[in-house]
Amino acid sequence: MASVPLSSPFQSLTHFKINPNSVYSSPSMAFFVPSVKSSLGSSKSAFLQHGFSLQLATSSGFFSKARSFCVSARAATEKSIHEYTVKDIDGKDVPLSKFKGKALLIVNVASKCGLTSSNYTELSHLYEKYKTQGFEILAFPCNQFGGQEPGSNPEIKNFACTRYKAEFPIFDKVDVNGPNTAPVYQFLKSSAGGFLGDLIKWNFEKFLVDKNGKVVERYPPTTSPFQIEDAGRIRH
């Protein structure tokens, strides 16, 4: 697909090299190593919103290891995230269909994690920079990792909005693993299984969703928002 000059690095995500030996290998990893949507059947995936494009560098060796994820992921591709309704931080129902036509970065957040300050700061910066270009951040508080999101919804909202000036949507606290996993996270995980399985590993794992509501990329918790931005290249 020919690339078109674009106004921001988020508008063209370029080739990613896959290193299956390093993804999720260490909680202290500081470099960017994204995982791949496991149901992908070719080496390219379109991530389209105002010129967004995504090409994934893959290998036959990787896909032979990823076959165990294909059945559930293939079923998930028949749905989109726009079919789900969630509750926001104030308890109001929000149909995710309202985000049709926008690229989404979906993050499970926590207020007392070692990754909290850098992630909230960078997420707020990216939202301010790209919110008028068809990009949204959806934050889902979760208390399943070290009990690091213990507060009530009003406390979480006050923390994020006051300390980090977060303007992106924040939703009701949810479970992302286990028997009470929120349906929207069941969809996300079945669409993009991690190298170590479908489980969310820690706070601030990230899913990139295209304008059609399909998951196109999954990032480990230690991949920062700025690293996701830096992975984009303006193509001519």
Side-chain angles (χ1 to χ4, degrees), residues 10 27 80-191 198-209 213 215 218-229:
F10 248 115
S80 85
I81 203 165
H82 301 143
E83 298 177 31
Y84 295 87
T85 295
V86 298
K87 289 190 179 296
D88 68 14
I89 199 76
D90 298 315
K92 299 176 181 178
D93 286 341
V94 178
L96 295 183
S97 59
K98 70 176 290 185
F99 298 109
K100 282 183 178 180
K102 292 187 176 184
L104 308 176
L105 187 64
I106 300 177
V107 190
N108 59 299
V109 300
S111 300
K112 299 181 182 296
C113 179
L115 299 172
T116 297
S117 181
S118 60
N119 271 269
Y120 261 117
T121 298
E122 294 182 19
L123 288 169
S124 293
H125 176 83
L126 292 186
Y127 188 68
E128 180 63 28
K129 187 174 181 180
Y130 297 109
K131 65 182 180 181
T132 62
Q133 300 180 41
F135 175 71
E136 286 282 351
I137 295 168
L138 309 185
F140 287 86
C142 178
N143 193 42
Q144 290 187 291
F145 306 101
Q148 295 178 347
E149 189 69 292
S152 64
N153 279 356
E155 289 171 334
I156 294 168
K157 180 180 179 180
N158 181 66
F159 172 83
C161 296
T162 301
R163 182 172 298 190
Y164 295 104
K165 310 301 181 185
E167 297 181 358
F168 48 82
I170 302 175
F171 296 92
D172 185 31
K173 190 189 298 188
V174 297
D175 282 0
V176 299
N177 291 328
N180 297 318
T181 298
V184 67
Y185 264 87
Q186 292 175 2
F187 166 77
L188 292 170
K189 294 191 296 180
S190 64
S191 295
D198 284 348
L199 291 179
I200 302 296
K201 305 307 183 293
W202 197 251
N203 305 308
F204 296 100
E205 192 155 328
K206 303 164 186 76
F207 291 86
L208 195 60
V209 177
V215 178
R218 178 176 178 173
Y219 303 93
T222 47
T223 298
S224 75
F226 280 174
Q227 286 174 305
I228 297 174
E229 180 187 29

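Along the sequence shown, residues carry numbers from 1.
Listed by chain and number, the residues in a salt bridge (Lys or Arg N to Asp or Glu O under 4.0 Å) with Lys87 are Asp93 (sequence neighbours excluded). Scored by the salt bridge (Lys or Arg N to Asp or Glu O under 4.0 Å) test, Lys206 finds no partners at all (sequence neighbours excluded).
In this structure the side chain of His125 reaches within 4.5 angstrom of the side chain of Phe226, judged on heavy atoms. For the pair Lys201/Pro220, no side-chain contact is recorded, criterion being any heavy-atom separation below 4.5 Å from C-beta on. The shortest side-chain heavy-atom distance between Phe140 and Val184 falls under the 4.5 Å cut-off.
The OG atom of Ser80 sits 9.0 Å away from the CG atom of Leu96 when rounded to the nearest 0.5 Å. In this structure, CG in Leu105 is found 10.5 Å from CZ in Phe207, a value given to the nearest 0.5 Å. Annotation: the span from Leu104 atom CG to Leu138 atom CG amounts to 5.0 Å, rounded to 0.5 Å. To the nearest 0.5 angstrom, Asn177 atom CG is 4.5 Å from Leu199 atom CG. Rounding to the nearest 0.5 Å gives a distance of 8.0 Å between CG of Asn143 and CD1 of Ile156. For the atom pair OG1 of Thr121 and CG of Leu126, the computed distance is 11.0 Å after rounding to the nearest 0.5 Å.
A salt bridge (Lys or Arg N to Asp or Glu O under 4.0 Å) with Lys157 is found for one member of Asp90, Asp88, Asp172 and no other, namely Asp90.
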Phe159/Tyr164 under ring-ring contact (aromatic ring centres under 6.0 Å, His included): CA gap, chis, key distance, verdict: CA-CA 7 Å; Phe159 172 83; Tyr164 295 104; 5.5 Å; yes
Test log, rule side chain to side chain contact (heavy atoms under 4.5 Å, CB included), inputs Ile106 and Tyr185: CA-CA 10 Å; Ile106 300 177; Tyr185 264 87; 3.8 Å; yes
Working for side chain to side chain contact (heavy atoms under 4.5 Å, CB included), residues Thr181 and Ile200: CA-CA 11 Å; Thr181 298; Ile200 302 296; over 6 Å; no
Side chain to side chain contact (heavy atoms under 4.5 Å, CB included) assessment of Phe204 paired with Thr116: CA-CA 8 Å; Phe204 296 100; Thr116 297; 3.8 Å; yes
Verdict with reasoning, Phe145 to Cys113, per side chain to side chain contact (heavy atoms under 4.5 Å, CB included): CA-CA 9 Å; Phe145 306 101; Cys113 179; over 6 Å; no
CA sep, side-chain torsions, deciding dist, call: Lys165, Glu128, salt bridge (Lys or Arg N to Asp or Glu O under 4.0 Å): CA-CA 10 Å; Lys165 310 301 181 185; Glu128 180 63 28; over 6 Å; no
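Shown here for Lys189 and Asp198, the closest heavy-atom pair between the two residues is CD-O, 2.9 Å. Here the shortest heavy-atom pairing between Ser152 and Glu155 reads N-OE1, 2.8 Å. Looking at every heavy atom in both residues, Lys173 comes nearest to Gly151 through NZ-O, 2.8 Å. Shortest non-hydrogen contact noted between Cys142 and Ala110 is O-CB, 4.2 Å. For the pair Pro221 and Leu115, the tightest heavy-atom approach, listed with the atom from each and the gap, is O-CD1, 3.8 Å. For the residue pair Pro141 and Ile170, the shortest heavy atom distance occurs at CG-CG2, 3.9 Å.
Aromatic ring orientation, Phe168 versus Tyr127: perpendicular (interplanar angle above 60°, classes split at 30° and 60°).
Residue-environment remark: NZ (Lys112) stays at or below the threshold of 12 foreign heavy atoms within 6.0 Å.
Side chain to side chain, Glu229 and Tyr130 meet the donor-acceptor criterion of an N or O pair below 3.5 Å.
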